[in-house]
Amino acid sequence: MSVSTAIPKGTRDFSPSEMNRRKYIFQVLEEVFRRYGYLPIETPAMELLSTLTGKYGEEGDRLIFKILNSGNFTEDLDSDALQKLSPPALAARICEKALRYDLTVPFARFVVQHRAELVFPFKRYQIQPVWRADRPQRGRYREFFQCDVDVIGTRSLLCEVELMQIIDDIFSRLGILVNIHVNNRKILTGIAEVLGQAERFTDITVAMDKLDKAGEDKVREEMLQKGIPETAAEHLMQILRTSGNPAEKINNLRSQLQSSATGMEGLAELESMLSYLDDLGLRAAVDFDLSLARGLNYYTGAIFEVKAKEVQMGSICGGGRYDDLTGIFGLPGVSGVGVSFGADRIYDVMNELKLFPSATEGTSRVLFANFGGEEERYSLKILDMMRRNGVSAEMYPDAVKMKKQFAYADDKKIPYVAVIGSEERQAHQLSLKNLNTGEQLALSPEEAIAKLKS
RNA sequence: GUGGUUGUAGCUCAGCAGGUUAGAGCGCCAGAUUGUGGAUCUGGAGGUCGCGGGUUCGAGCCCCGUCUCCCACCCCA
């Protein structure tokens with residue numbers, strides 16, 4: 001009777017070839033992040049539950065993985081309390097830790113905690129897994145990597161512009177064609193104000209966000225259900241129908257949102273950002289998408305979302321500006337902006353489109369065949385010499401049939417096999433066979449190294 | 001949290017109206033004269049048909065329960 005080899009729902013093992021491809025994505029991200037002046041940090045997998053709750057909206061709170069306290073955690077609970085407490089209240093009593101849900105909130109906590117040592121504006125990147133107790137499906141995992149870049153400590157719109165450049169840079173390097181959707185929470189606030197429904201902001205944005213997926217009727221229906229007056233819903237629909245290129249949309253909205261100072265400010269910000277981008281000329285298509293809202297309720301300014309053009313998949317990158325995320329940790333008035341790249345979805349997209357370069361398959365450059373005895377000892381020396389000269393090399397550990405050793409090289413996609421039998425050893429040579437072309441040459445160790453490094 | 005779907009060899013799946021020792025392809029292992037792979041040929045190993053119960057002379061196939069997988073909604077990377 002053996003224990004099941006199953007792993008928790010929504011988690012995955014990664015094979016060597018998958019890891020090679022994943023590493024490739026991380027390398028590209030990291031290289032670009034560094035090129036724009038961002039530096040790495042890491043934070044723990046778990047945070048105090050109180051650090052995380054209340055930052056992601058009601059839905060988000062439910063999806064936080066909580067960690068049961070150690071010891072006798074029911075000690076101060078009578079059975080009555082167990083029955084009566086709501087799930088969140090009970091969780092607060094018996095769980096003081098939780099797995100991180102994203103990297104932005106831990107980052108805000110980090111900034112406040114280490115503010116004395118940091119140089120502001122602080123630019124950091126962070127590539128770590130996060131956990132969500134969501135129900136898994138296509139492109140959705142319970143454990144996945146986020147790759148965040150954020151600047152905190154400045155309100156400059158140049159940061160938004162820079163993040164857009166980073167997004168453009170990364171996806172063009174990876175070869176993924178994308179649409180970048182942008183909007184501004186202030187514009188959404190303005191719309192809610194103009195509708196006379198400022199206090200229903202969240203309900204309105206949540207409904208609006210579904211526009212492209214569900215359609216007008218469903219959105220209208222949801223709003224009425226949430227108790228928003230029909231006239232306001234109708235007015236919203238009219239505003240959402242604003243069409244044209246970004247500049248036209250902005251102009252059109254200006255006349256509609258005149259009475260909202262916040263809304264006008266959002267439009268000005270967006271316009272300014274887009275004009276910088278016009279100068280810089282991004283490769284990706286940038287679309288002002290009025291229905292883009294984003295559920296994370298800490299965003300206050302610009303918001304972004306990136307979707308792959310050729311694959312049906314949720315967003316592969318998203319983010320925005322948050323004005324007061326550090327406030328709750330005791331440092332008010334510090335504005336930041338950042339985006340998060342979803343490495344796992346990017347992987348899925350690239351896999352589907354076969355975008356991984358063949359170099360990511362790589363392993364050793366050369367396999368030394370093992371003949372055992374004196375030849376084995378001699379081969380080991382040459383092998384060591386290869387490694388000291390920067391050639392990734394390995395020797396088959398057993399002196400088994402050549403057929404089997406060659407098949408191993410073939411399976412591992414090792415391009416060369418070095419054969420050193422008694423003849424080669426006496427001649428101080430090795431037979432180097434290229435498995436792709438079938439060509440086999442008798443070379444000195446030095447010549448072989450030169451060949452393998454080319 | 002809501003709705004739907006799936007569960008047979010390591011993988012992808014067949015399995016006729018319930019009837020004898022459950023199949024295929026791929027993969028794996030071993031050979032085709034002992035220093036050369038990816039091809040071909042030959043042979044072989046491997047399954048308590050998700051789990052529990054029921055109906056039946058008899059169940060992979062029917063019924064009930066349960067778990068699981070995947071998909072969609074919600075939300076998001």
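Convention: sequence-line order gives letters A, B, ...; per-chain numbering from 1.
Base pairing analysis places B:rG25 opposite B:rC11; the two distances defining the Watson-Crick or G-U wobble pair are each below 3.5 Å. In this structure B:rU5 sits in no base pair that meets the Watson-Crick or G-U test at under 3.5 Å. If you check B:rG37 for Watson-Crick or wobble pairing at under 3.5 angstrom, you find it has no partner at all. Using the Watson-Crick or G-U wobble rule with both distances under 3.5 Å, B:rA30 pairs with B:rU42.
No donor-acceptor pair closer than 3.5 Å links the side chain of A:Lys210 to the backbone N or O of A:Glu216. In this structure, the side chain of A:Ser444 engages the main chain of A:Glu447 through a donor-acceptor pair within 3.5 Å. Judged by distance alone, the side chain of A:Arg185 and the main-chain N or O of A:Ala293 form a donor-acceptor pair under 3.5 Å.
For the P atom pair drawn from B:rU66 and B:rU2, the interatomic distance equals 14 Å after rounding to whole Å. Straight-line distance between the P atoms of B:rC63 and B:rA17: roughly 15 Å, to the nearest whole Å. Taking atom P in both B:rG65 and B:rC76, the straight-line distance is 36 Å, to the nearest Å. Rounded to a whole angstrom, the distance from the C1' atom of B:rU6 to that of B:rC13 is 13 Å. Using atom C1' as the reference point in both B:rC26 and B:rC67, the two lie 30 Å apart (nearest Å).
Cation-pi check for A:Arg124 over A:Tyr38 is not met; the charged atom does not lie both under 6.0 angstrom from the ring centroid and within 45 degrees of its normal.
Counting distance only, with no hydrogens placed and no angle test, the side-chain atoms of A:Gln440 and the base atoms of B:rU36 include a donor-acceptor pair under 3.5 Å. On a pure distance criterion of 3.5 Å, no polar donor-acceptor pair joins the side chain of A:Lys403 and the base of B:rU36. Counting atom types as modelled, A:Arg132 pairs no side-chain N or O with a base atom of B:rC76 as donor and acceptor under 3.5 Å.
When the side chain to side chain contact (heavy atoms under 4.5 Å, CB included) test is applied to A:Leu39, the partners found at least two apart in sequence or on another chain are A:Arg34.
Among the heavy atoms of the strands lying under 4.0 Å from A:Gly318 are primed sugar atoms or P, OP1, OP2 only; no base atom is included. Heavy atoms of A:Asp134 sit under 4.0 angstrom from at least one base atom. Contact annotation for A:Ala407: backbone-only contact, meaning every heavy-atom pair under 4.0 Å involves sugar-phosphate atoms and none involves a base. Within the 4.0 angstrom heavy-atom criterion, only backbone atoms of the sugar-phosphate kind lie near A:Ile316; the bases stay farther away. If you check every strand for non-hydrogen atoms under 4.0 Å, A:Phe371 touches a base. Using a 4.0 Å heavy-atom distance criterion, A:Phe341 is classed as making no nucleic acid contact. Using a 4.0 Å heavy-atom criterion, one finds that A:Cys317 contacts the sugar-phosphate atoms exclusively. As judged by a 4.0 angstrom heavy-atom cut-off over every strand, A:Glu424 is placed among the base-contacting residues.
The side chain of A:Ser431 sits closest to B:rG35 out of B:rG37, B:rA77, B:rG35. Comparing B:rG37, B:rU36, B:rA30 by their nearest atom to the side chain of A:Leu435 picks out B:rG37.
Proximity of A:Tyr347 to A:Arg21: side-chain heavy atoms (C-beta onward) are separated by under 4.5 Å at one or more points.
In this structure, A:Glu305 atom CD and B:rA77 atom P are separated by 7 Å, rounded to whole Å. Between the CG atom of A:Asp148 and the C1' atom of B:rA77 there is a distance of 9 Å, given to the nearest Å. For the pair A:Asp411 CG and B:rC26 C1', the interatomic distance rounds to 14 Å; values are reported in whole Å. Taking atom CE of A:Met402 as the reference point, atom C1' of B:rA32 lies 19 Å away to the nearest angstrom. In this structure, the CZ atom of A:Phe304 is 17 Å from the P atom of B:rC76, given to the nearest Å. Rounded to whole Å, the distance from CG on A:Asp209 to C1' on B:rC73 is 14 Å.
By the 4.0 Å N-to-carboxylate-O rule, A:Arg220 lies too far from A:Glu230 to be salt-bridged with it. Salt bridge absent: A:Lys381 and A:Asp384 never bring a charged side-chain N and a carboxylate O closer than 4.0 Å.
Across all non-hydrogen atoms, the minimal contact from A:Leu290 to A:Ile239 is CD2-O, 3.8 Å.
In this model, the phosphate group of B:rC75 is approached by a side-chain N or O of A:Lys210 to a distance below 4.0 Å at OP1 or OP2.
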Can you name the atoms? Protein N/O to nucleotides 65-71 of chain B N/O, anything below 3.5 Å, with the distance.
unit_1	atom_1	unit_2	atom_2	d
B:rC71	OP1	A:Arg138	N	3.3
B:rC71	OP2	A:Arg138	N	3.1

